[in-house]
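Have a look at the structure below before the remarks.
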Amino acid sequence: MSTATAAVPGGLEEATGPLGEDRKGRVGMASLIIAEISFFAVFIVAYLFYLGKSATGPQPGEVLKTPVVATICLLASSVTIAIALRALRAGSLGGFRLWWLATILLGAGFLVATALEWHELIWERGLTIATNLFGTTFYSLVGFHALHVTLGLCMLTFVLVAALRGRLHPEDAERTEILSWYWHFVDAVWIAVFCVVYLTAR
Amino acid sequence: MAVLDRSLESSPAESSARVPVGSILHDWVVTADHKKLGLMYIASGLVFFLVAGVMASMMRIQLALPQNDFLGPNTFNRLMTMHGTTMVFFVGMPMFFGFANYVVPLQIGARDLAFPRLNAFGFWMFLFGGVLLYFSALGSEGLYGAGSTPDVGWFAYAPLTSRTFSRGNATDYWILGILLSSVGSTATAINLVTTVATMRCPGMTLGRMPLFVWILWVDAILVLFVLSPLTAAQVMLLFDRFLGAHFFDTQAGGSAVLWQHFFWFFGHPEVYVLILPAFAIASEVIPVFSRKPLFGYPIMVAATICIGMISMSVWVHHMFVVGLEPGANTFFAASTMAIAVPTGIKIFNWLGTMWGGRIRFRVPMLWCTAFLLEFVLAGLTGVILATVPIDWQLSDSYFVVAHFHFVLIGGLLFNIFAAIYYWFPKATGRMLDEGLGRKHFFWFVLGFNLTFLPMHVPGLLGMPRRIYTYMPGRGWDAWNLVVTIGVAVQAIGILYFLWNVISSLRDGEPAGDDPWDGWTLEWATTSPPPEYNFEEIPTVRSRRPLWDLKHPEDPDWRWE
Amino acid sequence: MNPGSPVHAIPDMFQPVSAPAEAIRQLWWLVGGISIGILLVVGGILWWCATHFRARPGEDREPPQVYGSNQIEFAWTIVPVLIVLVLFLATARTIYDVQAMVPPKDALEVTVVGHQWWWEIRYPGLGVVTANELHVPASVPGARRPTFLTLESADVIHSFWVPQLAGKTDVVPARRNRMWVEPTETGTFLGQCAEFCGTQHANMLLRVVVDSPADFAAWVEAQKRPAVADPRVAVGRAVFESTACVSCHTVAGTGADGTFGPDLTHLMSRATIASGAADNAPDRLRAWIVDPHAIKPGALMPAMKLPDDQVDAVTAYLSTLR
Amino acid sequence: MSARRDDDRGSIRMPAPTAWPMLLAAGICLGFGGLVTNAIVTATGAVLAVIAAWGWIREVLPVQHLEEVALRPAALRAKDVRPSTARVDHLEVGQDGHRMRLPIEIHPWTAGLTGGLIGAGVMALVAAAIGVAGYGSPWYPINLLAATVMPSLSQAGTKELSAFDPTAFGIASVIHLLASLLVGALYGLILPLVPRRHALIGGLVAPLFWTGLLWAVLGVLNPALNGRIEWPAFVLSQVAFGVAVGWFVSRSEKIATLQDVSLAARAGIEASGLGKGRDEA
Ligand code: HEA
Ligand code: HEA
Ligand code: CUA
Ligand SMILES: [Cu+2]
């Protein structure tokens with residue numbers, strides 16, 4: 001928002017404070033991330049609290065496989081998004097499109113992996129959200145993470161479309177970077193989920 | 001700028017009266033202006049307050065006599081739940097966001113909040129959430145075929161909220177209403193945090209921010225931290241009820257106590273979310289009417305931050321009776337009592353501000369003065385409750401009900417009234433009537449004390465809360481009767497207030513830009529302020545920019 | 001039941017008759033005293049300000065602009081810290097005093113199960129089951145006999161509270177809470193469920209009868225016996241046993257062994273019915289069987305829609321269950 | 001405050017009013033409302049939400065939609081803030097100094113805290129001496145103090161109370177040190193406010209005062225101690241503490257030089273007129 005209106009004289013952006021109004025996207029995104037962190041924290045606490053307390057099977061150790069591919073995809077996407085941004089700042093729109101697309105593909109890869117995992121859990125292992133406490137906490141936590149990945153992908157795709165239609169310019173790097181914060185956050189949540197869910201299952 | 005007299009006839013407030021109603025309505029619905037949204041928050045908060053107040057009055061009629069049958073158990077429980085839920089989520093919260101919306105940008109010399117459209121979104125989420133909650137009265141299929149509002153109490157303890165014990169949709173309405181409005185509140189909190197962080201006018205360093213802005217800033221940050229855990233817990237409950245999940249299902253190994261942890265991890269900070277704006281208002285009104293700067297500004301900021309942080313580590317004091325380990329009880333007793341220290345600092349600093357001043361007891365100041373005394377009493381009953389063994393007796397008794405009405409009314413509501421009297425002239429260009437204001441003050445404070453002081457006693461005599469009836473002869477009868485009479489007296493006060501607002505809107509005395517001889521930036525613009533707040537963005541050199549202009553011989557910036 | 005024991009109608013925490021409640025009352029005086037002191041100080045300062053620092057009308061002067069004082073601010077930080085320290089120490093000790101109590105060997109063990117909206121009371125060591133009226137022995141000097149309660153819930157959260165004996169403890173499903181009382185005075189003490197548990201939370205009353213050790217022993221003996229079988233009410237008994245009553249209620253010595261409702265074996269030994277919602281008088285009992293919801297709207301016992309003569313018979317039968 | 005002057009413009013751009021946020025909120029609420037009413041409601045809500053979200057995006061991207069708001073005519077603008085006619089009173093002070101900290105030489109924290117430490121030591125010595133004299137064990141008073149939070153000790157007999165107990169020692173030391181430090185700090189802050197007789201007030205009056213308070217509440221606070229305490233000895237140890245702290249605090253500052261100074265100055269009041277202000281911000 002802010003960069004787009006920077007050229008407009010006499011607009012809102014005039015009231016520049018010490019932190020600078022051009023920083024409001026960053027502060028806003030940071031605030032959102034704080035709220036999201038405490039949201040996920042509660043699901044993580046619930047998962048840990050109920051770990052091993054399910055009255056009936058299946059237990060995490062019996063059904064969970066370490067999602068190596070998915071994890072690599074998501075972690076890698078954090079790297080590619082950073083490269084894409086660097087390209088954008090350097091004015092290389094082509095590079096940006098390429099790496100941005102890579103990020104989206106990696107994110108989509110992660111989602112596919114999750115979908116496969118769920119398919120197996122539900123149809124072959126018979127674990128649903130209503131099966132036991134493990135199912136309840138597992139699907140909620142992993143599901144909310146996947147939901148965030150999906151939302152992130154939507155926004156990334158939106159930017160990609162804009163870029164392909166030539167609507168994205170190096171001046172938009174700030175906004176795009178803020179979006180990338182969100183993506184990094186989603187990635188960080190995955191690291192937490194990975195440790196809490198998959199490492200404890202082994 | 002020319003110093004010219006402004007004739008009221010041509011003020012925008014007046015001229016808009018000639019515009020058709022539909023178009024005015026349209027203006028308000030599509031607005032992204034922080035002032036309009038602020039007023040809408042406050043107005044809807046007031047409406048919800050009246051509704052919940054009427055519900056409280058009905059409960060009190062039922063409780064006036066033992067074994068009364070004015071209301072049946074189901075009706076009573078629904079009124080009780082809706083009263084508490086409404087007062088906390090749909091009165092306290094919108095008042096916070098309303099005053100924050102209206103005043104913060106003006107005080108920091110900004111034109112609007114950081115994200116004006118998000119602000120509108122937040123407001124409408126809040127309002128529609130409330131509408132959905134109240135729609136349960138029509139839409140929810142209750143046990144007896146009739147519509148039924150939620151009846152599980154405002155903290156909805158599991159497993160009473162499970163499908164087994166709460167059939168129909170009433171509880172789902174409770175979950176969704178709060179869930180949706182919380183999304184709006186989170187959005188608005190993000191907005192406020194960002195606004196204060198990035199949109200202060202030149203010269204307004206953190207140390208020069210009015211304390212009002214400081215406190216609301218801390219408050220908004222607190223909301224970020226604690227509201228989403230509630231959202232998460234509500235989502236879990238929703239999963240339990242709709243997808244057969246087992247988060248709080250005690251039959252499948254789920255834990256009833258976990259819900260309490262999640263709820264109170266939000267619930268306790270929430271009460272500070274509610275009281276901090278009251279502190280903010282007092283910190284604005286008391287100095288102006290005592291004609292002195294706030295005593296000990298830095299330590300007030302520190303105390304605010306302390307309160308914010310400590311408040312996240314005390315939630316178990318609502319759970320002293322669930323049978324936790326003595327170690328846990330001891331720890332949370334300590335943290336709860338610790339909060340008395342920063343709160344005490346605030347009280348004493350306000351007293352220090354009044355000390356040696358030339359206090360003008362106009363209506364806003366009257367409310368703040370009454371607040372000081374009532375709040376100390378309320379806080380002290382809080383400390384009594386924090387004394388764990390005493391809480392074993394008094395938890396869930398009418399003593400607790402008296403405690404929290406004292407903080408919520410004597411603390412929060414009194415200051416909301418102060419704020420309304422203080423900023424009404426700014427927002428409308430007209431003063432509220434002083435005489436009616438004094439009547440409102442007198443009757444309401446009298447009624448409040450008549451209601452809630454005696455209410456402590458039945459609690460001490462063993463009367464639990466949330467009972468729709470009680471046996472005669474337990475020593476509670478007379479006290480309950482007095483309490484109910486007190487409500488009638490309060491209602492007289494409220495009627496004076498409503499009359500005051502309505503009549504002053506139409507023909508109150510014109511206010512002028514700066515009716516209270518104030519010191520913060522909002523008094524440097526017109527009443528009501530133009531859409532863009534300031535023609536030119538001001539620059540400040542101290543915490544009291546207007547003092548500097550009014551007293552060039554003795555400006556604040558020489559001392560700060 | 002011991003008819004001579006006085007009923008203490010007011011559940012007043014300031015008239016404790018048992019150790020935990022006594023400790024709490026003592027703590028109250030400390031905390032209450034300090035609170036009143038603070039209130040007086042603040043009130044006094046406020047009064048002084050309001051009377052001495054009022055603006056006089058027409059005065060066109062501003063008072064000295066005082067910004068603060070490190071000394072004074074520190075002072076009014078430390079004093080509350082000290083007060084809080086004192087309060088905290090007293091609190092901590094009393095918490096441990098009460099919560100860390102270990103049952104002595106001859107303590108009486110009782111299990112209390114909260115139901116929507118009545119109390120099931122079991123004495124596992126004695127083989128006694130009753131409802132809504134807890135009998136405990138008085139603890140006499142030389143032969144102290146505290147009672148330890150294990151609290152369980154059959155459905156939602158309730159809370160066990162008899163102010164004159166002890167503070168309350170929640171009764172939480174899937175969790176066993178413990179509390180103890182050690183009354184030193186005989187009599188009947190009142191209390192009630194203190195955690196909102198649904199429609200009839202208000203009528204989930206509790207009576208605790210403190211008997212002398214001898215009376216208590218006699219009560220236990222009486223409760224252990226199966227229900228009397230009085231041939232004069234055989235009709236009522238037959239009706240009772242052939243209706244759904246048996247699927248919810250137990251009468252020891254008959255086929256009735258339901259556990260959804262209170263044990264009726266010694267119904268007549270209790271002073272109230274339906275958890276205190278009504279006196280245990282024949283007409284109330286009859287009214288209850290005809291339609292429980294007239295007495296306790298929402299109660300989980302359905303109206304059985306028996307013809308009048310059957311109701312009379314059942315009432316007569318129940319009236320013999322002493 | 002001074003206004004930043006740009007060229008006088010005729011209008012200011014503000015975000016244009018828009019209904020999309022409201023419609024998005026309505027859509028989301030209807031979407032969830034369907035859970036408790038009817039799936040059709042959810043469907044309507046979802047459609048509305050998608051449309052509104054798109055509308056909102058178009059509102060801010062690629063450039064946000066602003067609206068020109070005409071500036072009010074000069075006559076309707078805020079009046080300039082004019083200097084007030086009210087005179088400002090000033091606090092009277094006997095001597096010049098810096099506003100931030102008066103008097104300059106006071107080091108309340110360090111003096112008070114060190115004093116508290118010294119007092120703690122002196123009191124511990126006196127108490128231990130009393131313990132040895134009366135019960136032949138220095139641990140006796142320590143255990144009694146620990147009984148404040150340790151119920152096991154409050155039921156113990158004299159023999160257990162005379163034995164060394166590491167937990168009790170730890171707890172008692174913490175309580176003792178914390179209380180001493182806080183009271184010491186308080187001395188450091190308050191004694192300078194009193195113009196004279198520091199030794200008397202700090203050494204005797206204050207300890208007697210709080211001993212009286214303790215006497216009143218000890219039964220609740222620490223019944224064990226209450227049952228066994230010997231008040232004369234207790235008063236002695238408190239007075240020892242008071243004298244030690246009072247002596248140290250009053251010695252560490254040149255209080256005498258402040259006797260002719262106003263209370264405001266002794267209290268370190270910060271106010272305009274006290275000391276010198278900055279000349280330029
Ligand atoms: C605005 C809301 C608000 C505020 C500010 C407070 C403030 C406090 N509250 Fe209260 N409280 C509620 C709202 C609030 N509360 C509500 C709504 C409930 C019930 C929820 C429910 O169950 O429905 C509740 C319940 C509640 C309980 C649980 C009771 C129970 O259910 O068992 C407890 C227990 O510790 C408690 C304690 C406190 C304390 C210690 C403070 C402290 O912050 C008070 C601090 C203030 C002072 C102490 C006075 C000023 C200080 C001085 C003058 C300094 C000197 C004082 C000392 C050294 C002591 N509160
Ligand atoms: C901000 C918070 C707030 C406020 C202001 C109030 C205000 C009042 N409250 Fe409430 N209350 C709560 C928050 C609040 N309450 C909460 C959180 C609970 C716990 C709920 C739970 O247990 O779950 C509770 C519970 C509660 C109970 C306990 C219920 C129970 O446990 O069984 C009672 C009982 O007396 C009560 C009474 C009152 C009364 C008499 C007022 C009065 O002050 C109200 C004064 C207002 C009026 C008298 C209305 C005036 C209206 C008119 C004059 C008519 C105008 C009419 C129109 C134009 C429509 N409240
Ligand atoms: Cu059982 Cu309330
Ligand atoms: Cu709390």
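Lettering follows sequence order; numbering is per chain, from 1.
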Problem - Donor-acceptor under 3.5 Å (A:K24 side chain, B:A114 main chain) - result: yes

Exercise for the section: Give a yes or no on whether the backbone of B:H246 and the side-chain of A:Y50 come within a donor-acceptor separation of less than 3.5 Å. Expected result: no

Problem - Among B:L118, B:V235, B:T195, B:I108, residue most engaged with chain A (heavy-atom pairs, under 4.5 Å) - result: B:V235

Completion exercise
Interatomic distance, OH@A:Y139 vs CZ@B:F239, rounded to 0.5 Å, equals 13.0 Å

Handout entry: Rounded distance (nearest 0.5 Å) linking atom CG of B:D249 with atom OG1 of A:T136
Key = 8.5 Å

Exercise for the section: Return yes when atom CH2 of A:W99 has more than 12 non-hydrogen atoms of other residues, nucleotides or ligands closer than 6.0 Å, and no otherwise. Expected result: no

Handout entry: More than 12 heavy atoms of other groups within 6.0 Å of A:E62 CD
Key = yes

Exercise for the section: Answer with side chain, backbone, both or neither: which region of B:T186 has an atom nearer than 4.5 Å to a non-hydrogen atom of chain A? Expected result: side chain

Practice task
Output yes when a side-chain donor or acceptor of B:S228 lies under 3.5 Å from a complementary backbone atom of A:S38, and no otherwise.
Solution key: no

Practice task
Heavy atoms only: give me the nearest B:T194-A:V27 pair and the separation to one decimal.
Solution key: CA-CG1, 3.7 Å

Completion exercise
Okay, B:F262 and chain A: the region with an atom under 4.5 Å from a heavy atom over there is side chain

Problem - Check against side-chain contact (heavy atoms from CB on, under 4.5 Å), B:T198 and A:R26 - result: CA-CA 10 Å; B:T198 61; A:R26 287 163 187 257; over 6 Å; no

Completion exercise
Note: vs chain B, highest number of non-hydrogen pairs under 4.5 angstrom among A:F39, A:F40, A:F49 is A:F39

Completion exercise
So, the part of A:T128 with a heavy atom under 4.5 Å from chain B: the answer is neither

Exercise for the section: Please flag which part of B:L258 lies under 4.5 Å from any non-hydrogen atom of chain A: side chain, backbone, both or neither. Expected result: side chain

Problem - Atom CZ of A:R86 with >12 non-hydrogen neighbours under 6.0 angstrom - result: no

Exercise for the section: For residues A:S31 and B:L224, report the shortest heavy-atom separation together with the two atoms involved. Expected result: CB-CD1, 3.5 Å

